[in-house]
Amino acid sequence: MKNDEQARTLFGISLSGRPRWQQFVICSSGFFFGYLVNGVCEEYVYNRLQFSYGWYFTFVQGWVYILLIYLQGFTTKQMVNPWKTYVKLSGVLMGSNGLTKGSLAFLNYPAQLMFKSTKVLPVMIMGAFIPGLRRKYPPYEYVSAVLLVIGLILFTLADAQTSPNFSGVGVVMVSGALIMDAFLGNLQEAIFTMNPQTTQTEMLFCSTLVGMPFLIPPMLFTGELFKAWDSCSRHPYVYGVLVFEAMATFVGQVSVLSLIALFGAATTAMVTTARKAVTLLLSYLIFTKPLTEQHGTGLLLITMGIVLKMLPDSNKPSKKPLNSNSQTNNENVSQSEEDDRFRIEDEQETRPLV
């Protein structure tokens, strides 16, 4: 497993032989860049341009992903998993993306973030039930997650009070996305765990390609396919924004998969939760919204949660001393056995014949 992790790269940057904190910084940087751009683009498209076609936009984004992966030289001959491995994952992925984007038609961006910020808790809980994982987390990690969630909820509620936009349909949609998110990260981690040779590119390509047909029924059922096509045809510059957003999100997606492969779904969920706070803060700075004391309290709790998560686990034993002691003990046992063997042979030689 260690060798497989060392073989991973991120956009040509080798993670081989790097300390864990460097791997974390590199992957998190790519993720933050991709999804900060994604957040700004989404708020611009949904709130400023009033284009609210989540399923269609996810469909366009998927084709951009496939094109970018194809340009990187990936082919199906490089796959190490069968296609059926990605069916369940693809349905969950496309459902989560479509419901998340579509909910912005009924919820403002901060309100959506308030719901999505709770993702880390169901991800941690679901990790205990996913076959191939069965993860257990120490109590301080749950405390850290709760601090992150409460902090982000306080932050987003401050905006919801000034620009409320709550709808029952939006709440149902974002709740469905939240449930799917609980499965998504853990299913991805399970695939990486059961077959460490799986690359981030393969997982993103296969889950996107297999998941595209899942988007067609909701687009037809809601009539969104034809409405979005007509609206975007009359305003073609929207496609430019969508392609730019998809390219940035592609960087974030590959970085997220790298985080999941190296650090697990729960740690990645906490990073994505922290990203939501940064995205929301940038939203206030870019779109000139006022900050209040409640925003400051939320940011303080978020910071406390992040710091608590970064604390080292004192219960983890050090591997090197154990290996050294084990080797020493094995050498002592082998030497003792060898001495006993020679002693028995000497006794047999000196024993009188009868």
Side-chain angles (χ1 to χ4, degrees), residues 31 35 38-39 42 46 52-62 65 84-107 109 111-133 135 145 148-149 152 167-193 200 203-219 221-222 224 246 249 252-254 256-257 259-260 264-273 275-276:
F31 164 72
Y35 276 92
N38 168 265
E42 279 191 347
Y46 283 91
S52 52
Y53 307 110
W55 299 108
Y56 182 77
F57 289 171
T58 303
F59 191 73
V60 173
Q61 184 182 69
Y65 284 180
K84 64 180 182 180
T85 304
Y86 298 100
V87 174
K88 186 186 301 182
L89 174 63
S90 300
V92 172
L93 174 64
M94 293 302 168
S96 173
N97 289 342
L99 289 173
T100 298
K101 293 181 181 296
S103 66
L104 286 173
F106 306 95
L107 300 172
Y109 192 67
Q112 186 214 60
L113 281 184
M114 181 181 66
F115 284 96
K116 293 284 285 183
S117 65
T118 61
K119 178 178 73 172
V120 61
L121 293 176
V123 166
M124 294 176 72
I125 295 172
M126 190 60 63
F129 301 97
I130 295 294
L133 291 181
R135 290 198 175 278
L148 276 172
V149 169
L152 194 50
S167 167
V169 176
V171 172
V172 171
M173 293 180 70
V174 76
S175 299
L178 190 64
I179 294 173
M180 292 188 179
D181 283 339
F183 288 94
L184 179 60
N186 285 303
L187 288 174
Q188 290 169 331
E189 184 182 358
I191 293 174
F192 280 127
T193 301
Q200 306 96 303
M203 181 170 291
L204 184 57
F205 175 82
C206 295
S207 58
T208 301
L209 189 60
V210 174
M212 298 291 271
F214 287 98
L215 297 173
I216 297 176
M219 284 195 296
F221 179 75
T222 60
E224 186 176 301
T249 310
Q253 276 284 346
V254 177
V256 162
L257 292 174
L259 281 170
I260 291 174
T267 298
T268 303
M270 298 191 76
V271 174
T272 60
T273 300
R275 189 273 308 173
K276 291 179 177 65

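This structure is a prediction, so every number in the text was calculated from the model and none was measured.
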### Task
Can you tell me which residue pairs pass the side-chain hydrogen bond (donor to acceptor under 3.5 Å, both in side chains) test with a partner in residues 205-218, sequence neighbours excluded?
none
Side chains of [X] and [Y]: does their closest heavy-atom pair fall under 4.5 Å?
| X | Y | result |
| --- | --- | --- |
| F183 | K88 | no |
| I191 | Q188 | no |
| F192 | L257 | yes |
| M203 | L89 | yes |

#### Entry: Heavy-atom closest contact (P213 atom, V210 atom, distance)
CD-O, 3.2 Å
### Task
Spell out, as yes or no, whether a donor-acceptor pair under 3.5 Å connects the side chain of T100 to the backbone of N97.
no
Just distance, no hydrogens or angles: give the donor-acceptor pairs under 3.5 Å from side chains in residues 54-62, sequence neighbours left out.
residue : atom : partner : partner atom : Å
Y56     : OH   : Y239    : OH           : 2.5
T58     : OG1  : G54     : O            : 2.8

Could you list the donor-acceptor pairs under 3.5 angstrom formed between side-chain atoms of residues 169-181 and any protein atom two or more places apart in sequence or on another chain?
residue : atom : partner : partner atom : Å
S175    : OG   : V171    : O            : 2.7
D181    : OD1  : S96     : OG           : 2.5
D181    : OD2  : K116    : NZ           : 2.2

## Note on the structure
CG (L184) and CG (L93) are apart, to the nearest 0.5 Å, by 5.5 Å
### Task
First locate atom CG of L259, then atom CD of E189, and finally report the distance between them rounded to the nearest 0.5 Å.
11.5 Å
### Partner set under side-chain hydrogen bond (donor to acceptor under 3.5 Å, both in side chains) for T249, not counting sequence neighbours
N38
### Task
Check side chain to side chain contact (heavy atoms under 4.5 Å, CB included) between L209 and all other residues, then give those that pass, not counting sequence neighbours.
I66, W83, F205
### Message
I'd like to check the ring-ring contact (aromatic ring centres under 6.0 Å, His included) partners of Y65; sequence neighbours left out, ordered by chain and number.
### Response
F250
